[in-house]
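Quick caveat: nothing in here was measured; it's all calculated off a predicted structure. Starting from 1, each residue takes its place in the sequence as its number.
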Amino acid sequence: MRARLRAAAGPALLLLAALPLSLAAAGDGTLPGDQALARAVQAVSFPGAAELARLVNWLGAAPAAAVITVALAAGLAILRRYPEALLVLATLPARALNALLKAAAGSPRPTEDLVRVTEHVDGLGFPSGHAMGAVLLYGAVFYLAGRLVPPGRARAAVRAGAAAAVALAGLARIYTGAHWPSDVLGGYLWGAAVLWLLVAAYRAAPAALRRRHGGP
């Protein structure tokens, strides 16, 4: 019972944070601090910053993200890690929830009169699809590294890379003016809540299969 309560507490807490933010971000206008924080991120300058942001945004777009997801799942399947491959694949349809959340919030993207916009994107802003997708995919990688990679430098490297991919996905969206910081935070929160549920299903499925076949 306690294990079930702990498993339910994670997504519940994330939803308690995501829902108020979604309500606050809904409709026109910006949230307090959005403009100042966006300008602070855009003020960061180093050689290749713009090119790095474009590359990260391209890798986070749906076509490239789908290729990366399928490739990772295929690699796990080759290693006969089928439940893990299914967990990674499940992050693809989970991304479709972002469109529903965007429609519910109806929040516009940044405009050039408020921040620098170098990537012009149609459609609504909250929550960021790139940020949500990054949490789903690379969050799954971070989690599975703890189960599949032995403790040591290799596991630390995989997890550091996954965490960096999530952080860069959000920063790149702000840097190019494609999203407000609150859009990115919303993407992170909703992505984490959905990923938590996917991981819970992954953890429950093998145990259910073992019971069905009379195993321990």
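Nearest approach of Val141 to Ala162, heavy atoms of both residues: CG1-CB, 4.3 Å. Of all heavy-atom pairs between Ala53 and Ala172, the closest is O-CB, 3.8 Å. The heavy-atom pair separating Gly191 from Val135 by the smallest distance is C-CG1, 3.5 Å. Between Pro181 and Ala38 the shortest heavy-atom distance is CG-N, 3.8 Å. Nearest heavy atom pair, residue Pro108 against residue Gly27, reads CD-O, 3.3 Å.
Among residue pairs with one or both ends in residues 52-75, those qualifying as salt bridge (charged side-chain N to carboxylate O under 4.0 Å, His left out) are Glu51-Arg54; sequence neighbours excluded. Every pair passing side-chain hydrogen bond (donor to acceptor under 3.5 Å, both in side chains) that includes a residue from residues 17-32 is listed here, sequence neighbours excluded: Ser22-Trp190.
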Which donor-acceptor pairs under 3.5 Å do the side chains of residues 96-106 make with protein atoms, sequence neighbours left out?
{"from": "Asn98", "atom 1": "OD1", "to": "Lys102", "atom 2": "NZ", "distance (Å)": "2.8"}
{"from": "Asn98", "atom 1": "ND2", "to": "Pro127", "atom 2": "O", "distance (Å)": "3.0"}
{"from": "Lys102", "atom 1": "NZ", "to": "Pro127", "atom 2": "O", "distance (Å)": "2.6"}

Donor-acceptor contacts under 3.5 Å from residues 69-92 side chains, at least two apart:
{"from": "Thr69", "atom 1": "OG1", "to": "Ala65", "atom 2": "O", "distance (Å)": "2.7"}
{"from": "Glu84", "atom 1": "OE2", "to": "Tyr202", "atom 2": "OH", "distance (Å)": "2.6"}
{"from": "Thr91", "atom 1": "OG1", "to": "Val88", "atom 2": "O", "distance (Å)": "2.6"}

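Linking Ile, Leu, Val, Met, Phe, Trp and Tyr residues whenever their side-chain heavy atoms come within less than 4.5 Å places Leu137 and Trp58 in a single cluster. If you chain together hydrophobic residues whose side chains sit under 4.5 Å apart, Leu59 and Leu171 fall into the same group. Grouping the Ile, Leu, Val, Met, Phe, Trp and Tyr side chains by contacts below 4.5 angstrom, directly or via other members, places Ile68 with Val158. Hydrophobic clustering of Ile, Leu, Val, Met, Phe, Trp and Tyr side chains at less than 4.5 Å, counting indirect connections, keeps Leu136 apart from Val67. In terms of hydrophobic clustering, with Ile, Leu, Val, Met, Phe, Trp and Tyr side chains grouped at heavy-atom distances under 4.5 Å, Leu23 and Leu189 are assigned to different clusters.
Every side-chain hydrogen bond (donor to acceptor under 3.5 Å, both in side chains) that Asn57 has, sequence neighbours left out, goes to Glu119, Arg173, Thr176. Residues that satisfy the side-chain hydrogen bond (donor to acceptor under 3.5 Å, both in side chains) test with Thr111, not counting sequence neighbours, are Asp113. Under the side-chain hydrogen bond (donor to acceptor under 3.5 Å, both in side chains) criterion, Arg95 pairs with no residue at all, not counting sequence neighbours. Scanning for side-chain hydrogen bond (donor to acceptor under 3.5 Å, both in side chains) contacts around Glu112 gives His120, with sequence neighbours left out.
A donor-acceptor contact under 3.5 angstrom links the side chains of Arg203 and Tyr143, judged on distance only.
Clustering of Ile, Leu, Val, Met, Phe, Trp and Tyr side chains at separations under 4.5 Å leaves Leu124 isolated, with no partner residue. Residue Val56 is found in a hydrophobic cluster whose other members, listed by chain and number, are Val44, Phe46, Leu52, Leu168; membership requires side-chain heavy atoms under 4.5 Å apart, directly or through intermediates. Other residues sharing the hydrophobic cluster of Leu114, ordered by chain and number and joined by side-chain separations under 4.5 Å: Val115, Val117, Trp180. As a member of the Ile/Leu/Val/Met/Phe/Trp/Tyr network built from side-chain separations under 4.5 Å, Phe142 groups with nothing else and remains a singleton.
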Q: Check step by step if side chain to side chain contact (heavy atoms under 4.5 Å, CB included) holds for Ile174 and Asp183.
A: CA-CA 9 Å; Ile174 300 169; Asp183 298 344; over 6 Å; no
Is there a side chain to side chain contact (heavy atoms under 4.5 Å, CB included) between Val194 and Met132? Walk through the geometry before answering.
CA-CA 9 Å; Val194 175; Met132 184 172 175; 4.2 Å; yes
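Both cation-pi conditions hold for Arg116 and Tyr175: the charged atom is under 6.0 angstrom from the six-membered ring centre and inside a 45 degree cone around its axis.
Arg109 contributes no side-chain N or O that, together with a main-chain N or O of Gly125, makes up a donor-acceptor pair within less than 3.5 Å.
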